[in-house]
Colleague: 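First the structure, which I've put down as structure tokens, then a few questions once you've had a look.
Not measured: the values here are computed from a predicted model. What's counted below: heavy atoms across the whole structure, side chains too, no hydrogens, waters or symmetry copies.
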Amino acid sequence: MKYTDTGKKDTRSGFGAGLAELGRTNPNVVALCADLIGSLKMEKFIEENPERFFQIGIAEANMMGIAAGLTIGGKIPFTGTFAAFSTGRVYDQIRQSIAYSGKNVKICASHAGLTLGEDGATHQILEDIGLMKMLPGMVVINPCDYNQTKAATIAIADYVGPVYLRFGRPTVANFTPEDQKFEIGKGILLTEGKDVTIVATGHLVWEALLAADELEKQGISAEVINIHTIKPLDEEIILNSVKKTKCIVTCEEHNYYGGLGESVSRVLAQRFPIPQELVAVNDTFGESGTPAELMKKYGLDKDGILKAVEKVLKRK
């Protein structure tokens, strides 16, 4: 494998590092938090810019309204709380106060998906990508590691409009370049292949690379694409790949319904119908457990991807 894990880090710390960098370089960036400063790794930003931080408390809906208001004065608010509270709890406020009027709010959501772990189903939101991507004008980003999350955090400050930035709690492989330039809406070709396309997002990107490495030993050539931006979706990088491989596996830490897999299915149905298999949670809630145990049980790991590849190859 040409990619190396330089040391496991949590993606939420990538957000914290990116926010701190913005605090030093962009005076219009402000941060709001719903009583989860430590969980969102916002300490450095607050230490260096106390006058630009607002502790809202456990009042997420109020936080979204305040953030929308701050944009009117030219500020660029970054809101911080868990993904479950960043979306489901405050959907009305996001829809009415942020998305409808195109407010320049960055909704930054940690502890997404199953890998929240032991806190269980009430906190493990698996439908947030669907909720956010259905809002007109909302950009949806799900980076794969610490370095990419830091780069994405910095990049969205320059984008004018609402953004949903999703990241996680556990330590995962950190393998993308430290000095990368993050481009919203541009997928990244990680490995070239001719037999099967594997499109992955978030924590599943590293698992896709591990699967591709295993497939290579079996004589199967897999093309792996990192789709860090789910909306707007880079349709061309996907189509260019599947026109060569003639089949695809999509991988995400999200429900089957409403996520990356469905976005890819729409593109294929409209422009190039070919066999697709989805690695995702099969329309269930999560449960308590360690992140690794949950990813294995729900098939969101290298082995789950290998099984999906085996299925899709038989359908070519």
Side-chain angles (χ1 to χ4, degrees), residues 1-3 112-113 126 129-130 133 139-145 148 152 166 172-173 175-176 182-216 220-282 295 298-313 315-316:
M1 185 192 293
K2 66 177 181 177
Y3 293 93
L126 293 164
I129 290 173
K133 79 175 187 179
V139 169
V140 179
I141 297 173
N142 188 39
C144 66
D145 68 358
Q148 191 166 78
R166 180 191 209 246
V172 294
F175 60 95
T176 64
F182 187 91
E183 293 187 65
I184 295 172
K186 295 294 182 183
I188 301 171
L189 179 63
L190 297 178
T191 67
E192 294 190 35
K194 58 183 176 56
D195 296 325
V196 60
T197 298
I198 304 176
V199 169
T201 188
H203 294 149
L204 271 290
V205 176
W206 179 251
E207 297 297 323
L209 287 170
L210 295 177
D213 199 38
E214 184 65 31
L215 289 166
E216 186 178 12
I220 298 169
S221 174
E223 186 148 292
V224 178
I225 299 170
N226 173 7
I227 294 293
H228 52 68
T229 306
I230 295 167
K231 181 188 176 185
L233 183 67
D234 188 346
E235 298 185 7
E236 296 311 314
I237 194 172
I238 295 168
L239 289 166
N240 288 341
S241 180
V242 297
K243 285 175 181 177
K244 176 174 54 174
T245 64
K246 304 298 192 295
C247 66
I248 188 169
V249 171
T250 56
C251 314
E252 61 193 310
E253 188 185 344
H254 191 267
N255 199 337
Y256 274 117
Y257 301 100
L260 170 65
E262 280 201 345
S263 289
V264 171
S265 294
R266 175 189 56 78
V267 174
L268 299 178
Q270 290 178 320
R271 301 181 63 181
F272 195 74
I274 47 107
Q276 176 186 0
E277 291 289 335
L278 286 77
V279 174
V281 175
N282 187 13
M295 295 292 270
Y298 290 85
L300 309 183
D301 60 4
K302 177 190 74 172
D303 293 338
I305 296 171
L306 290 172
K307 289 176 183 175
V309 169
E310 183 180 0
K311 286 182 183 178
V312 84
L313 287 174
R315 297 173 54 204
K316 281 178 73 172

Colleague: Would you tabulate the side-chain donor-acceptor contacts of residues 182-191 under 3.5 Å, counting partners in other chains and residues two or more places apart, or write 'none'?
Modeller:
unit_1 : atom_1 : unit_2 : atom_2 : d
Thr191 : OG1    : Ala222 : O      : 3.2
Thr191 : OG1    : Val224 : N      : 3.2

Colleague: Give a yes or no on whether the backbone of Lys307 and the side-chain of Glu277 come within a donor-acceptor separation of less than 3.5 Å.
Modeller: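 Side chain of Glu277 to backbone of Lys307, a donor-acceptor pair under 3.5 Å: no, none is there.
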Colleague: Report the distance from atom CD1 of Ile129 to atom OG1 of Thr201, rounding to the nearest 0.5 Å.
Modeller: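 Nearest 0.5 Å value for the CD1-OG1 distance: 6.0 Å.
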Colleague: Let me know which of Val249, Thr250, Ile248 forms a side-chain contact (heavy atoms from CB on, under 4.5 Å) with Leu278.
Modeller: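 Going through the options one by one, the only one that passes is Thr250.
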Colleague: When you look at Ser263 and Lys133, which way does the side-chain contact (heavy atoms from CB on, under 4.5 Å) test go after all the steps?
Modeller: CA-CA 9 Å; Ser263 289; Lys133 79 175 187 179; 2.6 Å; yes
Colleague: Of all heavy-atom pairs between Pro275 and Val312, which one has the smallest distance, and what is that distance?
Modeller: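 Distance-wise, the nearest heavy atoms are O-CG2, 3.6 Å.
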Colleague: For Ile220, is there any backbone N or O sitting under 3.5 Å from a side-chain donor or acceptor partner on Asp195?
Modeller: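 Checking the backbone N and O of Ile220 against the side chain of Asp195, no donor-acceptor pair under 3.5 Å is found.
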Colleague: Would you give the length of the straight line joining atom SG of Cys144 to atom CD1 of Ile227, rounded to the nearest 0.5 angstrom?
Modeller: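 Answer rounded to 0.5 Å: 11.5 Å.
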Colleague: Rounded at 0.5 Å granularity, tell me how far CD in Gln148 sits from CG in Asn142.
Modeller: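 It comes to 9.0 Å.
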Colleague: Mind listing the closest non-hydrogen atom pair of Ile305 and Ala211 along with its distance?
Modeller: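 Scanning both residues, the minimum pair turns out to be CG2-CB, 3.7 Å.
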Colleague: Of all heavy-atom pairs between Ile225 and Ser241, which one has the smallest distance, and what is that distance?
Modeller: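 In this case the closest contact between Ile225 and Ser241 is CD1-CB, 3.8 Å.
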Colleague: Nearest heavy-atom pair of Val205 and Phe175: which atoms, and what distance?
Modeller: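 The pair with the smallest heavy-atom distance is CG1-CZ, 3.7 Å.
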Colleague: Do you know which two heavy atoms are closest between Cys247 and Val196, and how far apart they sit?
Modeller: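 Scanning both residues, the minimum pair turns out to be SG-CG2, 3.7 Å.
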Colleague: In Å, rounded to the nearest 0.5 Å, how long is the span from CD of Glu207 to CG of Leu306?
Modeller: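 Spacing of CD (Glu207) from CG (Leu306) equals 10.0 Å.
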Colleague: Suppose we screen for ring-ring contact (aromatic ring centres under 6.0 Å, His included). Which residues come up paired with Tyr298, at least two apart in sequence or across chains?
Modeller: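 With neighbours one apart ignored, the set is empty.
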Colleague: What pairs meet the salt bridge (charged side-chain N to carboxylate O under 4.0 Å, His left out) rule with one or both residues in residues 236-248, with sequence neighbours excluded?
Modeller: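 For residues 236-248, and leaving out neighbouring residues, the salt bridge (charged side-chain N to carboxylate O under 4.0 Å, His left out) pairs sorted by first residue read Glu223-Lys244, Glu236-Arg271.
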Colleague: Is Thr197 reaching over with its side chain to a backbone N or O of Thr245, donor-acceptor style, under 3.5 angstrom?
Modeller: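 Not a single qualifying donor-acceptor pair exists.
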Colleague: Run the side-chain contact (heavy atoms from CB on, under 4.5 Å) test on Asp234 and Thr229 for me, step by step, so that the C-alpha distance in whole Å, both residues' side-chain angles and the decisive distance to 0.1 Å come before the verdict.
Modeller: CA-CA 8 Å; Asp234 188 346; Thr229 306; over 6 Å; no
Colleague: Once ring pair (Phe, Tyr, Trp, His ring centres under 6.0 Å) is applied, what residue pairs with a partner in residues 233-268 remain, sequence neighbours excluded?
Modeller: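 Not a single pair qualifies under ring pair (Phe, Tyr, Trp, His ring centres under 6.0 Å).
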Colleague: Please lay out, stage by stage, how Ile198 and Val279 fare under the test side-chain contact (heavy atoms from CB on, under 4.5 Å).
Modeller: CA-CA 10 Å; Ile198 304 176; Val279 174; over 6 Å; no
Colleague: What residues, two or more places apart in sequence or in another chain, satisfy side chain to side chain contact (heavy atoms under 4.5 Å, CB included) together with Ala112?
Modeller: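 Result, side chain to side chain contact (heavy atoms under 4.5 Å, CB included) vs Ala112: Ala83, Asp128, Arg166.
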Colleague: Could you name each residue pair satisfying salt bridge (charged side-chain N to carboxylate O under 4.0 Å, His left out) that touches residues 250-266, not counting sequence neighbours?
Modeller: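 Sorted pair list: Glu235-Arg266.
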